Amino acid sequence: MGFKHKDILGLQDLSGEEIYLLLNTAENMKEINSREIKKVPTLRGKTIVNLFFEPSTRTRTSFELAAKRLSADTINISASTSAVQKGETLSDTARNILAMKPDIIVMRHSISGAHHYLAKRVSCSIVNAGDGAHEHPSQALLDMLTMRERFGRLAGLKVAIVGDITHSRVARSNICGLTKVGAKIYLAGPPTMIPQGVERLGAVTVCKTIQEALDGADVVMMLRIQLERQGKTLMPTLREYSRYFGLNRDLLGLASPDVMVMHPGPMNRGVEISSDVADGPNSYILQQVENGVAVRMSMLYHVSGGELPTE
Amino acid sequence: MNRDGTIILDGAGIKRALTRIAHEILENNKGIKDLVLVGIRTGGIYLADELVKILEEIEGETVTVGSVDITLYRDDFKGHAAHMPVGRTDIPFSVEGKNVVLVDDVLFTGRTIRAAMDALMDYGRPRTVQLAVLIDRGHRELPIRADFVGRNVPTSLKENILVRFDSGNHPVEVVLQKS
Amino acid sequence: MNILIKGGRVIDPSQQIDAILDILIVDGKIREHGTGLQAGKDCEVIDAGGMLVTPGLVDMHVHLRDPGQEYKEDIVTGARAAVAGGFTSIACMPNTSPVNDNKAVTTYIINKAKMQGLVNVFPVGSITEGGKGENLAEMGELKESGCVAVSDDGRPVANSELMRRALEYAKGMEIMLISHSEDLALVGEGVMNEGFTSTELGLKGISRVAEDAAVARDVYLAEFTDSPIHIAHVSSRGSVRIIRDAKTRGVKVTCETAPHYFSITDDAVRGYDTNARMNPPLREAADVEAVKAGLKDGTIDAIATDHAPHHLDEKDLEFNLALNGIIGLETSLALSLSLLRDGVLNAKQLVEKMSFNPSNILSLDRGTLQIGAVADVTIIDPIADWVVREEELCSKSKNSPFIGAKMKGRALYTIVSGKVVYRRQAV
């Protein structure tokens with residue numbers, strides 16, 4: 001089976017088979033990252049533009065490294081959304097970039113659906129590095145790769161996701177992706193952070209408390225609490241949030257003994273996760289980062305096309 | 001396509017050809033010191049395993065074997081279309097200063113071998129790289145030749161050569177198919 | 001020139017008529033109805049066999065963008081779109097630039113409308129100065145200058161005390177107050193209906209209660225002050241219920257909905273189509289059903305388009321940055337006719353909602369085919385199949401979620417004051 005999409009806008013658009021294909025390729029690409037010469041010539045001569053409308057060191061460098069390991073030429077453009085509001089539209093910015101004849105644009109944008117907008121208007125591939133509160137497919141894929149490495153499977157896993165689900169693109173992509181490969185998702189957070197109809201998004205159970213979500217969980221994924229976003233009306237204080245929805249070692253005892261603790265980063269230690277858990281034996285946070293490069297190599301490889309002649 | 005075709009080599013024939021190749025490899029490299037085999041995914045891997053068995057029988061020592069997936073080194077990507085899965089490359093040893101015998105089932109245009117050599121070079125600098133194939137069917141597009149050949153089979157471009165393996169990945173027969 | 005409309009199905013709720021009749025128009029007035037009427041000299045005969053003949057359609061909620069935003073629409077292009085959609089009268093909202101909060105702007109609109117000579121344009125003045133929601137506008141003078149209602153449409157009157165006084169004052173001036181009922185704090189930064197679809201798309205939602213709470217406030221204020229109020233663009237199940245209950249209690253409340261609220265749901269936003277972005281937002285299936293039920297039982301009095309033209313540059317954007325609103329004048333009739341086919345409304349009710357009721361709410365001398373009345377007439381082919389094509393739209397802006405959609409039924413003739421201002425060319 002091949003990969004038939006021009007773009008990767010989100011896991012909503014992919015089938016379970018396609019998700020497995022991306023994960024299998026990523027798994028085999030991890031080997032490249034352990035070689036002395038960490039480079040293959042696959043995308044030689046291709047140009048990849050990293051177009052970031054939101055600051056993100058982590059995701060951008062991971063995509064950049066992935067592109068370079070596949071021998072693509074990369075250009076990084078950081079456009080602030082405020083510049084866009086000053087007059088230049090996304091389609092103007094994109095037109096300027098298209099003059100550089102890129103093969104792939106890896107984009108992060110603060111507005112949900114910005115990638116869909118762009119993908120309809122350009123012929124090159126668009127890879128979503130995060131759009132608003134919509135999707136962050138590379139993060140979910142690397143989470144899934146990390147889980148599969150640990151458990152050898154994804155189907156049947158019990159995954160707890162705790163935090164501000166409403167504003168989390170990581171949660172949305174994980175819910176879509178994990179559902180398609182047969183995992184079960186348990187969400188917890190204050191009701192102000194649980195969006196309407198989220199149980200219809202996939203194999204989702206909404207839990208009242210973090211304790212309920214953690215019960216027997218194979219994976220616990222803690223979301224970053226952003227004070228600038230949630231501070232307004234969604235919770236009283238970080239202190240109270242931490243008290244009711246923060247993960248600590250005692251609570252972790254409710255989960256399966258083999259539980260994996262994950263966090264898309266950057267972490268607020270002492271808020272959504274305590275340091276003893278973040279740095280503890282169940283933490284897979286650094287493995288997530290390592291798998292990020294392999295997953296992004298897989299995504300770039302699969303959208304970059306290339307019809308193989310049948311032999 | 002005719003699924004059956006003409007059998008040009010049966011199991012016994014393959015075994016004889018591989019045994020001869022094994023002896024030639026030993027002769028060429030004066031034994032198995034510094035010798036490693038690398039099979040090209042997927043048929044070449046199975047044949048490399050067969051060769052290793054024969055070599056070990058003859059020499060009474062273990063022979064190092066690895067595998068290479070050449071998907072990421074291919075030169076025939078074009079357009080936006082389906083993309084094939086990437087297989088695993090498994091070379092858990094140093095190739096530095098080694099005599100490496102690449103093993104493939106059928107030698108055709110030579111492009112696979114070119115890709116496999118490029119892949120190999122990314123793992124280090126072997127002393128020599130040699131090529132062993134079960135079938136050489138001609139039609140080279142690159143200046144590449146095999147050092148060890150099971151059988152030369154002149155073919156037309158419309159024909160296809162298929163090496164069949166059983167469920168245990170042992171070679172069963174070689175078939176010439178006409179399209 | 002006189003007109004004889006022969007053999008059409010005449011539907012006139014003002015006279016309880018639903019019959020095959022001829023109608024004779026002489027000197028811009030309805031002269032006679034009956035059977036076997038004969039055309040005199042200098043009389044155009046229109047064969048209306050198989051057609052619906054109705055009092056001219058009235059759209060009480062249109063944004064003409066003139067003065068100030070003529071790049072979106074102007075009175076002339078808006079008028080062309082109106083008559084192509086079968087409308088003989090339209091009421092235009094005051095959120096122009098400058099805002100229609102004074103005689104000068106009202107007079108400008110009325111004069112420019114006279115010059116185009118196609119459709120009757122009835123200006124709506126603003127409730128507050130500049131539509132800012134701070135001080136009352138001069139409603140007395142607005143009425144005298146020709147405004148048929150006041151509204152701050154586009155924004156609610158957020159201050160409840162001001163809204164109370166506005167209702168009292170408008171009542172005193174005998175001018176209808178049209179409320180854009182919305183709780184802005186509840187709307188927040190929302191860009192579409194809050195529900196499963198907004199959750200899936202990761203777009204900030206606008207909850208139904210943002211509309212419901214504001215409608216409830218406005219209905220209670222109207223009840224308390226014993227003033228008439230008209231609620232614009234009702235879209236939620238909650239507001240339908242609140243208005244139904246209020247009507248039962250005898251509150252002087254009327255309301256309208258727009259065709260998109262009974263035709264499509266927030267599913268249309270999928271793919272981040274900015275032409276599915278408007279305010280109030282497209283709701284869910286249960287709301288569509290509630291709106292239909294409200295139309296059927298009379299809770300909702302009128303169908304109005306909320307025709308809101310925007311330039312391509314204001315719509316061809318990321319979803320969050322696009323402006324709210326869609327055009328509707330040229331698709332309203334076809335979408336509303338589907339209510340007839342689906343048995344939601346009968347023909348008389350449909351004509352009430354699209355002509356008679358809005359005319360009454362705004363105290364216009366229209367919406368009737370009574371003898372002696374101004375001859376505003378729409379002749380409708382109820383079964384014509386057509387496709388909405390961008391290049392065929394008369395409106396200057398093309399922001400419609402229905403482009404490419406198959407429609408059934410359209411206006412064949414639009415007659416204003418006895419003059420054919422629009423006739424559909426045979427293809």
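Chain letters run A, B, ... following the sequence lines, proteins first, then strands; residues in each count from 1. Note that the structure is a prediction, hence the values are computed from the model and not measured.
Rounded to the nearest 0.5 Å, atoms CG (N76(A)) and CZ (R60(A)) are 4.5 Å apart.
For a residue to count as touching a neighbouring chain, one of its non-hydrogen atoms must lie under 4.5 Å from one of that chain's; by this rule R172(A) touches chain C with the side chain only. In this structure, the portion of R121(A) lying under 4.5 Å from any heavy atom of chain C is its side chain and not its backbone. No part of E135(A) comes within reach of chain C, as not one of its non-hydrogen atoms sits under 4.5 angstrom from that chain. The parts of D316(C) that come within reach of chain A are both its backbone and its side chain, each placing non-hydrogen atoms under 4.5 angstrom from that chain.
For K180(A) and E18(A), the salt-bridge test fails: no basic side-chain N is under 4.0 Å from an acidic carboxylate O.
Formation of a donor-acceptor pair under 3.5 Å by the H307(C) side chain with backbone atoms of L329(C) is found in this model.
Taking chain A as the reference chain and counting heavy-atom pairs below 4.5 Å, the highest number among L203(C), V191(C), L201(C), T197(C) is found for L201(C).
Remark: R244(C) CZ is packed, more than 12 non-hydrogen atoms of other residues, nucleotides or ligands lying under 6.0 Å away. Within a 6.0 Å radius of NZ in K120(A), other residues, nucleotides and ligands contribute more than 12 heavy atoms.
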